[in-house]
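All of these numbers come straight from a predicted model, not from anything done at the bench. Chain identifiers are assigned alphabetically (A, B, ...) following the order of the sequence lines, protein sequences preceding nucleic acid strands; residue numbering begins at 1 within each chain.
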Protein chains: 2
Amino acid sequence: MPEQNGVEVCEFLCAHESVVAEVRAHMPDEDTLFELAEFYKVFGDSTRIRILTVLCRHEMCVCDLATILSMNQSAISHQLRILKQARLITARREGKQVFYSLADDHVHHLLDTAIEHLAER
Amino acid sequence: MPEQNGVEVCEFLCAHESVVAEVRAHMPDEDTLFELAEFYKVFGDSTRIRILTVLCRHEMCVCDLATILSMNQSAISHQLRILKQARLITARREGKQVFYSLADDHVHHLLDTAIEHLAER
DNA sequence: TAAACATATGAACAATCATTCATATGAAGG
DNA sequence: CCTTCATATGAATGATTGTTCATATGTTTA
């Protein structure tokens, strides 16, 4: 049994009191952790990952994205909106078309390392 | 209008053919991108992020986690299973209790940088 | 071995979310 | 202006998922 200041067994809910207290004191605030989860959630969809991967190579208009990913225009537009709200991509209108690209090098780098990481597995 | 090998307007679905062809040729395969999305999906839930944040500081048994996060034991157990399947955490049984901890330093580092990154915003 | 305790798990439910369909907005060209 | 084309968006739908409840598994102790 690991001892933590002599407290080793459950009290009410089996709490190792001192450890619980210590961890609680150092927890980042709820809002930050929620935001963090929301940020990851955006990456947690294969359509959005595919869009980002494409934009990693080249800026792209909506219908080209739809062609490449074999999905209809509406679905792509909806996902682009989510990516834009998360500030991962930016839009540039040129006549009738709208060209999307990665928001900054940081997103680019984030994607590159993620793909590398997967390749290593 | 940006020109791509002279093709600048939509054909069937407004495709800038050469760019589409070039991007298609360099796309990582679907399975890899799907896996990547699945990986991020695990981080895309605030309960799981909170669990990981706690384990970042200290290994922890299930009921202590439940206490800290003010959730019932079953909910925690379900989420721990998901984190374990994703190889983000490992379990160590000690008598009646099971202690969970981060799988390796890589996960630890990944979390630290993520929280840092959010703080900067 | 029976009881108590910590954890795991299956089923059910509610909530969230991605996609589709229909339609609206906004720009270019006749 | 009216039409055509590219994109955006609201509503509806089907699928996925987090949590809860009830219960099972596995371990210790009386």
Side-chain angles (χ1 to χ4, degrees), chain A residues 1-2 8-16 20 33-34 37-38 40-52 59-86 89-101, chain B residues 1-2 8-16 20 33-34 37-38 40-52 59-86 89-101:
Chain A
M1 269 287 192
E8 60 170 33
V9 198
C10 304
E11 294 261 314
F12 303 96
L13 271 164
C14 150
H16 299 76
V20 169
L33 296 180
F34 184 79
E38 290 302 303
Y40 278 121
K41 201 174 287 180
V42 179
F43 287 93
D45 175 81
S46 58
T47 297
R48 286 192 292 269
I49 284 284
R50 285 160 74 217
I51 291 175
L52 290 172
E59 72 165 2
M60 192 81 38
C61 68
V62 179
C63 56
D64 278 354
L65 275 168
T67 303
I68 292 176
L69 304 186
S70 304
M71 293 181 65
N72 73 44
Q73 174 267 320
S74 179
I76 299 292
S77 268
H78 279 296
Q79 296 306 331
L80 286 171
R81 186 168 46 81
I82 293 171
L83 290 168
K84 200 165 138 195
Q85 280 171 352
I89 62 176
T90 56
R92 169 176 81 79
R93 181 175 272 277
E94 194 165 308
K96 283 181 268 188
Q97 303 182 31
V98 177
F99 287 85
Y100 285 90
S101 52
Chain B
M1 267 285 192
E8 60 170 32
V9 198
C10 303
E11 292 264 313
F12 302 96
L13 271 163
C14 150
H16 299 76
V20 169
L33 296 180
F34 184 80
E38 291 301 304
Y40 279 120
K41 202 173 286 181
V42 178
F43 288 93
D45 174 81
S46 59
T47 298
R48 288 193 290 269
I49 285 284
R50 284 159 76 214
I51 291 175
L52 290 172
E59 73 166 5
M60 192 81 37
C61 68
V62 179
C63 55
D64 278 354
L65 275 169
T67 303
I68 291 175
L69 304 186
S70 305
M71 294 181 65
N72 73 44
Q73 173 266 321
S74 180
I76 299 292
S77 268
H78 280 296
Q79 297 305 333
L80 286 171
R81 186 167 48 78
I82 292 172
L83 291 169
K84 201 167 138 192
Q85 280 171 351
I89 61 175
T90 55
R92 170 177 79 81
R93 183 174 271 278
E94 194 165 307
K96 284 180 271 189
Q97 304 183 30
V98 177
F99 287 85
Y100 285 90
S101 52

Student: By nearest nucleotide on DNA chain C, pick out whichever of A:K41 and A:G95 is the more 5' one.
Tutor: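 The residue closer to the strand's 5' end, by nearest nucleotide, is A:K41.
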
Student: How long is the line joining CG of A:N72 and P of D:dA8, in whole Å?
Tutor: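 Going from CG in A:N72 over to P in D:dA8 covers 13 Å.
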
Student: When the distance from CD of A:E94 to C1' of D:dT7 is rounded to whole Å, what number comes out?
Tutor: 15 Å

Student: For B:R93 and for A:R48, locate the closest nucleotide of DNA chain C by heavy-atom distance; then report the residue assigned to the nucleotide nearer the 5' terminus.
Tutor: B:R93

Student: Closest approach to the side chain of B:Y100, judged atom by atom: which nucleotide of D:dT9, C:dT7, D:dT19 is it?
Tutor: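 From the listed options, C:dT7 comes nearest.
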
Student: Picking from C:dT7, D:dT7, D:dT20, which would you name as closest to the side chain of A:Q73?
Tutor: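 Nearest nucleotide to the side chain: D:dT7.
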
Student: Could you check how far CZ of A:R81 sits from P of D:dA6, rounded to whole Å?
Tutor: 22 Å

Student: If I take atom CZ in residue B:F34 and atom P in nucleotide C:dA18, what distance separates them, rounded to the nearest angstrom?
Tutor: 13 Å

Student: Which nucleotide in the list C:dA27, D:dT19, C:dT7 gets nearest to the side chain of B:Q79?
Tutor: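 Nearest to the side-chain atoms of B:Q79, counting from C-beta on, is D:dT19.
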
Student: What is the distance, rounded to the nearest whole Å, between atom CE of B:M60 and atom C1' of C:dA6?
Tutor: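 Value for this atom pair: 16 Å.
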
Student: For the side chain of B:T47, counting heavy atoms from C-beta on, which of D:dC21, C:dA27, D:dT19 is nearest?
Tutor: D:dT19

Student: For A:I82, report the nucleic acid contact type (base, sugar-phosphate, nothing); a contact means any heavy atom under 4.0 Å.
Tutor: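 Answer is sugar-phosphate: A:I82 comes under 4.0 Å of backbone atoms only.
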
Student: Please examine the side chains of B:H16 and A:C61, heavy atoms only from C-beta on, and report whether any two atoms are closer than 4.5 Å.
Tutor: yes

Student: Parallel, tilted or perpendicular: which one describes the rings of B:F43 and A:Y40, with boundaries at 30° and 60°?
Tutor: tilted

Student: Which heavy atom in A:M71 sits nearest to a heavy atom in A:A75, and how many Å separate them?
Tutor: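 Scanning both residues completely, I find the closest heavy atoms to be CE-CB, 3.8 Å.
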
Student: Between C:dT7 atom C1' and B:I51 atom CD1, what is the distance in whole Å?
Tutor: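 In whole Å, C:dT7 C1' lies 14 Å from B:I51 CD1.
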
Student: Side chain of B:S74, heavy atoms from C-beta onward: which of D:dC5, D:dT27, D:dA22 has the nearest atom to it?
Tutor: D:dA22

Student: A side-chain contact here means heavy atoms from C-beta on lying under 4.5 Å apart; do B:L80 and B:L65 qualify?
Tutor: yes

Student: So is the aromatic ring of B:H78 stacked onto the base of C:dT9, judging by whether the centres are under 5.5 Å apart and the planes are under 30° apart?
Tutor: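 Yes, aromatic ring over the base.
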
Student: For A:I76 versus A:A66, what's the shortest heavy-atom pair and its separation?
Tutor: CG1-CA, 3.8 Å

Student: Would you indicate which nucleotide in C:dT20, D:dA8, D:dC5 comes nearest to any side-chain atom of A:K96?
Tutor: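 In terms of side-chain proximity for A:K96, the closest of C:dT20, D:dA8, D:dC5 is D:dC5.
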
Student: Atom CZ of A:R92 and atom P of C:dA27: how far apart are they, to the nearest Å?
Tutor: 15 Å

Student: Find the distance B:L80:CG to C:dT7:P and express it as a whole number of Å.
Tutor: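 Going from CG in B:L80 over to P in C:dT7 covers 10 Å.
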
